[in-house]
There are 2 protein chains.
Amino acid sequence: MQSPTPAGRTGRPRSAAADAAILAATREALVELGWSKLTLGDVATRAGVAKTTLYRRWAGKNELVVDAVAELFDELELPDRGSLANDIEGVVLQFAAILDRPEAKSGLMAAVAESTRDEALRERIRASIVDRQKRLVVAGRSRAQCRGELPAEPDPEEAARTVDLIFDMVAGAVVHRTLMSGKPANEEWVRDFTRVLLQGLGSEPPEPTTP
Amino acid sequence: MQSPTPAGRTGRPRSAAADAAILAATREALVELGWSKLTLGDVATRAGVAKTTLYRRWAGKNELVVDAVAELFDELELPDRGSLANDIEGVVLQFAAILDRPEAKSGLMAAVAESTRDEALRERIRASIVDRQKRLVVAGRSRAQCRGELPAEPDPEEAARTVDLIFDMVAGAVVHRTLMSGKPANEEWVRDFTRVLLQGLGSEPPEPTTP
DNA sequence: AGCTTTCGCTACGACCCGTAGCGTAATACC
DNA sequence: GGTATTACGCTACGGGTCGTAGCGAAAGCT
C-alpha cells in the first residue's frame with residue numbers, strides 16, 4: 001500500500017496497527033487542520049508513533065494523504081435497485097456522502113492539485129481511488145444493457161470511450177456541485193441530474209416540484 | 001481586486017505595473033514549481049518587488065494564486081455558432097484549453113482544496129472565477145430557448161436550479177476529464193459529451209467514428 | 001540462542017514564514 | 001514650491017517545519 005514494501009522477509013515486521021493509526025490520524029488532522037496546515041510531525045504525535053516511522057513508510061505528505069483518503073471510498077457499492085435510474089441515484093448519493101466529509105474534500109483536491117506535477121502521484125490516485133469508482137460505472141452500464149435500458153456497443157474501443165465519458169460526467173458533476181458550487185448533492189439534485197443524464201436537456205420535468 | 005483597497009485618497013498610489021508583474025510572476029512560479037513549492041519570497045524576486053510589497057496587497061498565498069488564476073478565465077466568450085450544440089462545443093473547448101495550462105490545473109485545484117476550510121476564500125473563488133463561467137451557461141441557455149431548442153421554464157426558482165445543474169455537469173465533466181482521468185478534452189470527446197448532454201444516454205451514436 | 005529489521009528518541013542544518021523598522025520615492029493638496 | 005501622506009525597497013529577526021542521521025532497544029524469524 002505505501003512505500004516500497006520491504007523486500008526482505010526476515011527481521012521484525014512492520015506494525016500493521018501503526019499503519020491504521022497513522023492513516024486514521026491523518027484523516028483526523030485533515031479535518032482539524034486542512035491540507036496546508038497538516039504537518040507530518042503532528043500526524044506522528046496523534047498516531048503515537050515517531051516521526052521517523054512515518055518517513056520510513058511514505059515518501060511524503062502527498063502519498064500519505066492519498067492513502068488516507070482512499071480508504072474512504074472503500075464503502076462504495078452498487079446494489080441492484082431495479083432500474084438504471086435508481087442505480088445511478090443510489091451510487092451518486094453514496095459518492096456525495098463521502099465527498100461531503102471534510103477530510104475527503106480538502107485531502108482529495110489537494111492531492112489532485114499536486115498530482116498535476118507528479119506523474120507517480122497521479123498513478124497512485126488513479127489506482128487507489130479513480131479506478132475503483134470507474135468499476136462501478138462499468139458494472140452499472142453492463143447491468144443496464146442486460147435490462148435493455150442502454151444500447152449495446154460491440155466495438156470495445158467505443159465502449160471504453162463511452163464508459164470514460166459517463167464516468168467523467170457523473171463524478172465530475174458531483175465533485176463540482178460539492179466543491180465549486182458549494183451546494184449539497186442531495187436527493188432532489190440527484191433526481192434532476194439523473195433525468196438529464198438519461199434523457200438529455202430537451203426533456204421536460206415530470207412534475208414542477210409539488211410534494 | 002486584492003487586499004482591502006486603500007481607503008484614503010492622498011499619498012503615493014500603488015503601482016499598477018507591480019500588480020501585473022506579481023500576478024504574472026505567480027503564474028510563472030506555478031508552472032515551474034507547482035503550488036506546494038511556490039513561496040512568496042520567490043514570487044517577489046521574480047516580479048522584481050520586495051516581499052513586503054506582496055504582503056501589503058494580499059493576505060497570503062491562497063488569495064494571490066486565486067487572483068493570478070482568475071485572469072486566465074477572462075478570455076472565455078460565448079460566440080453565437082448557430083445552434084445549442086455548436087455553442088456548447090465551442091465554449092467547452094475554450095474552457096478545456098484554459099484548464100490544460102499547468103498554472104490553471106495546480107493553482108485552481110489547490111485553491112479549491114484550501115477553500116473547503118476558508119469561507120472567505122470560497123467566496124473569492126466564486127466571485128472571480130465560478131460566477132464568471134456560470135454567466136455563459138445563463139446566456140447560452142437563454143439563447144437556446146429563443147431558438148426553441150430548450151423548453152421555457154417560467155418558474156424562476158426552477159430555472160435557477162436548472163442553470164446550476166447544467167453548469168455543474170458541463171464544468172465538472174471537463175475538470176474531471178482533465179484532472180482526474182488525465183486525458184485531453186479534445187474535439188472528439190467534446191462531441192460525444194455534447195450529444196449525451198443534449199440527448200441523454202439512451203441515444204445511439206450517429207456514426208461509428210468513420211472520418 | 002543469533003540475526004535482521006523496525007521502532008522511538010534526540011539532535012541537526014536548511015528553508016520559509018510573516019512582521020518590524022528604517023530611509024527613500026512618488027503622488028495629492030495647499 | 002512646500003508639505004503631508006502613503007507606497008516602496010531593504011534588512012533583520014524569532015518561530016516553525018522539513019527531512020535526515022545516529023543511537024540503543026525491541027520484536028520477530030530460523
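Worth saying up front: this structure is predicted, and the values here are computed from it rather than measured. Per chain, numbering begins at 1; letters A, B, ... match sequence-line order. These numbers come from the heavy atoms of this one structure, side chains and all, not from hydrogens, waters or symmetry mates.
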In whole angstroms, the gap separating P of D:dG9 from CZ of B:Arg57 amounts to 8 Å

### Query
Does the A:Arg81 side chain pair with the main chain of A:Asn86, one donor and one acceptor, at a distance under 3.5 Å?
yes

Cation over ring face, A:Lys61 and A:Trp35, 6.0 Å, 45°
yes

Sorted by number, residues from residues 44-52 of chain B placing a heavy atom under 4.0 Å from DNA chain D are B:Gly48, B:Val49, B:Ala50, B:Thr52

B:Tyr55 OH to D:dC8 C1', in whole Å, measures 17 Å

#### Entry: Whether A:Arg132 side chain and A:Ser128 backbone form a donor-acceptor pair below 3.5 Å
yes

Please answer whether the main-chain N or O of B:Glu77 pairs with a side-chain N or O of B:Gln94 as donor and acceptor at a distance below 3.5 Å.
yes

Between C:dG8 and A:Thr53, is there an OP1 or OP2 to side-chain N/O distance shorter than 4.0 Å?
yes

Comparing nearest nucleotides in DNA chain D, the 5'-proximal residue of the pair A:Asp42, B:Arg12 is B:Arg12

When rounded to whole Å, the CZ to P distance for the pair A:Arg56 and D:dA21 reads 11 Å

What one should report as the nearest heavy-atom pair of B:Gly140 and B:Leu84 is O-CD1, 4.3 Å

Rounded to whole Å, the CG-C1' distance (B:Leu54 to D:dC10) equals 15 Å

Rounded to whole Å, the CG-C1' distance (B:Asp19 to D:dC8) equals 13 Å

Between CG of A:Leu38 and C1' of D:dC18 the distance, given in whole Å, is 13 Å

When B:Gly11 and B:Lys37 are each assigned the nearest nucleotide of DNA chain C, the 5'-most assignment goes to B:Lys37

Comparing B:Pro13 with B:Leu40, nearest DNA chain C nucleotide closer to 5' gives the residue B:Leu40

note: A:Arg14, atom CZ; C:dT6, atom P; distance rounded to Å ~ 5 Å

field: Salt-bridge contact A:Glu28-A:Arg46 (side-chain N to carboxylate O under 4.0 Å)
entry: yes

Would you say the side-chain atoms of B:Glu153 and B:Thr162 include a donor-acceptor pair closer than 3.5 Å? yes

In whole angstroms, the gap separating P of D:dG19 from CD of A:Glu63 amounts to 10 Å

